[in-house]
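Taking it in order: structure first as structure tokens, then the write-up.
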Amino acid sequence: MLADERALTQILLNLVNNAVKFTLPGGEVKIEGALVNQGDVGEGIVLAVSDTGIGIASEDIPLVFSAFGQVQDAFVRGHEGAGLGLPIARALAEAQGGKLDLHSRIGVGTRVTLWLPKTRIIGG
């Protein structure tokens, strides 16, 4: 994969940190990667971080992608953070020609997917 090592590291650190922070003891955090050829994203590289954490309501997803945006509930207020992890991760993904998608359900968990285009595949 051809990518900015620091940017990719920062994206994954932000995503894993959020997954761990908002998953209760006994929950699960998963990191997956694959080469894909899907109609909705095209050919490229997908890295996904998913968890069985508290989840985010669909109406709050735009908020968590805004600078300093945090969903305010008792669980979240008990955790430190400036609300910059997801906005930074999205900006870094877009700077590399990629995109970041988030799908979540309250009480079920969250999956954040980083997609990088085919041009990032070395020898592909």
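Values in this document were obtained by computation on a predicted structure and should not be read as measured data.
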What I'd like to find out is whether the side chain of [X] reaches to under 4.5 Å of the side chain of [Y], using heavy atoms alone.
X: Leu15; Y: Leu86; answer: yes
X: Asn18; Y: Val64; answer: no
X: Glu43; Y: Ile121; answer: no
X: Leu47; Y: Ile31; answer: no
X: Ile45; Y: Leu35; answer: yes

Of the non-hydrogen atoms in [X] and [Y], which two are nearest, and what is the gap between them?
X: Gln96; Y: Pro117; value: O-CD, 4.1 Å
X: Gly98; Y: Leu116; value: CA-CD2, 4.1 Å
X: Arg120; Y: Ala3; value: NH1-CA, 3.8 Å

Interatomic spacing from [atom1] in [X] to [atom2] in [Y] - rounded to 0.5 Å:
X: Ile54; Y: Ser104; atom1: CD1; atom2: OG; value: 8.5 Å
X: Leu13; Y: Arg6; atom1: CG; atom2: CZ; value: 13.0 Å
X: Asp4; Y: Ile11; atom1: CG; atom2: CD1; value: 8.5 Å
X: Leu63; Y: Ile56; atom1: CG; atom2: CD1; value: 9.0 Å

Taking side chain to side chain contact (heavy atoms under 4.5 Å, CB included) as the definition, give me every residue that meets it alongside Glu28, ordered by chain and number, with sequence neighbours left out.
Lys30, Thr52
So, does Asp51 use its side chain to make a donor-acceptor pair with the main chain of Val29 at under 3.5 Å?
no
Do other residues, nucleotides or ligands put more than 12 heavy atoms under 6.0 Å from the CD atom of Glu5?
no
Is there a side-chain contact (heavy atoms from CB on, under 4.5 Å) between Leu102 and Phe65? Walk through the geometry before answering.
CA-CA 9 Å; Leu102 185 147; Phe65 277 113; 3.7 Å; yes
Check for me, please, whether Ile106 and Val112 land in the same ILVMFWY cluster - side-chain distances under 4.5 Å, paths through other members count.
no
Give the cluster check for Met1 versus Leu114: same hydrophobic cluster or not, with ILVMFWY residues linked at side-chain heavy-atom distances below 4.5 Å.
yes
